[in-house]
Amino acid sequence: MPSTVKKLEYLTQEQVEKFRRDGYLRLPSFLSPEDTEALLERSKQLLESFTIEDHPLTRFTTGDDNHVGDDYFLTSGDKIRYFLEEDAVGPDGKLNRPKDRAVNKIGHGLHEQDPVFRKVTLENEAMESVVRDLQFHHDPVALQSMVICKQPQIGGEVPEHNDSYVFSLMHIEPVWLSTIYAYLRTFLYTDPPTALGVWIALEKCTSENGALSFLPGSHLTAPITKRFVRLPQGGTGFEILIPPDRAPKVPEGKYLLEACMPGDMVLIHGSVLHKSEKNLSPNTRFAYAFHMIESPPYATYDDKNWLQPTAETPFPHILDEPNPRTVPVSA
Ligand SMILES: O=C(O)CCC(=O)C(=O)O
Ligand SMILES: [Fe+2]
């Protein structure tokens with residue numbers, strides 16, 4: 001018996017066990033309707049205020065022409081930037097629809113730069129309780145945040161992936177790689193792996209408009225074969241961890257759709273496989289997502305990760321009071 005037993009603050013024991021077993025957990029109505037509406041409204045205001053004229057027309061491509069977007073993407077960790085849907089940009093490089101219907105996502109510093117998103121992410125007691133209940137307590141920090149718009153008709157598919165690593169892409173069609181590029185910012189590697197995704201539905205998410213689905217339990221077995229890194233010569237690329245001929249089998253099974261109502265929050269283990277289909281419906285599917293990791297000395301953040309803290313904007317702490325276990329013994 002441990003000498004102290006932590007009391008759960010928000011989750012039930014069943015929910016904690018479900019998260020450990022499945023690698024994800026939906027918390028219905030985590031945000032109040034008012035807070036959810038405030039995030040949705042703010043997202044729409046941001047889309048309104050964005051100007052396309054000075055945008056580098058970042059499209060998520062994996063061919064030689066992706067460098068135009070590299071800098072805009074790689075320096076977005078502490079800014080509010082707009083990443084476009086590939087299908088929204090015509091061959092002439094111009095938008096083929098209104099700008100608020102052309103944005104794939106807004107990121108990646110909303111939790112730092114915008115008070116409405118900051119409140120939900122960093123000034124939220126219920127969020128802190130959930131994080132403590134999951135024993136994610138080695139001084140967790142928020143890394144990056146985004147509003148994912150999933151635009152009607154063109155909202156891109158997010159193929160099977162997990163957030164801590166890039167897992168075998170060999171079976172993915174080249175056209176899907178472009179969407180993977182859009183999500184590369186989520187591939188955040190720590191040693192040991194600690195990434196936790198927090199995903200909040202701002203609108204109703206169903207099978208019609210590209211709700212998330214998960215392969216339950218895959219966080220326990222998914223092989224880690226590649227990771228997405230910043231290259232020493234600039235730009236980004238993949239580092240092979242296990243060559244394809246030696247890679248263990250990819251787990252297979254039935255993906256389960258996690259339909260959500262506005263305000264529902266889904267916790268996503270960094271190693272669980274998940275995906276979402278293209279949104280072919282006439283409705284948007286706005287969601288707010290951010291990721292956190294644990295800190296040294298428990299976990300080391302890899303300096304090859306695409307997202308790096310800067311002196312001006314270190315990763316912000318999630319917990320007001322860091323867990324005593326994270327205080328260095330010599331301090
Ligand atoms: O919202 C989506 O469709 C994908 C989100 C995702 O994969 C993530 O937040 O890690
Ligand atoms: Fe993800």
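In listed order, ligands and their atoms are each counted from 1. Fair warning: this is a prediction, and the values are worked out from it, not measured in the lab.
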Which of the numbered atoms in ligand 1 are below 4.0 angstrom from a heavy atom of [X]?
X: Ile148; result: 1 (O), 5 (C)
X: Ser276; result: 2 (C), 3 (O)
X: Ala289; result: 9 (O)
X: Trp199; result: 1 (O), 2 (C), 5 (C), 9 (O)

Name every donor-acceptor pair, under 3.5 Å, that has one atom in a side chain of residues 95-102 and the other anywhere in the protein, sequence neighbours excluded.
| residue | atom | partner | partner atom | Å |
| --- | --- | --- | --- | --- |
| Asn96 | ND2 | Asp87 | O | 3.0 |
| Lys99 | NZ | Glu48 | O | 2.6 |
| Lys99 | NZ | Phe50 | O | 2.6 |

Taking only non-hydrogen atoms of Met146, do any sit less than 4.0 angstrom from ligand 1?
no

So is His161 in contact with ligand 1, going by heavy-atom distances below 4.0 Å?
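The answer is yes, since His161 has a heavy atom less than 4.0 Å from ligand 1.
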
Keeping [X] on the side-chain end and [Y] on the backbone end, is there a donor-acceptor pair under 3.5 Å?
X: Tyr72; Y: His55; result: no
X: Asp133; Y: Leu11; result: yes
X: Glu123; Y: Arg118; result: no

Location of contacts on Glu277 toward ligand 1, heavy atoms closer than 4.0 Å:
neither

Polar side chain donor-acceptor pair, Gln13 to Glu17, under 3.5 angstrom
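Note: Gln13 and Glu17 side chains meet the donor-acceptor criterion.
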
Going by side-chain hydrogen bond (donor to acceptor under 3.5 Å, both in side chains), name the residues that satisfy it together with Thr51, two or more places apart in sequence or in a different chain.
Asp54

Rounded to 10 degrees, the angle NE2 of His274 makes with NE2 of His161 at the Fe ion (ligand 2)
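Angle NE2(His274)-the Fe ion (ligand 2)-NE2(His161): 90°, rounded to 10°.
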
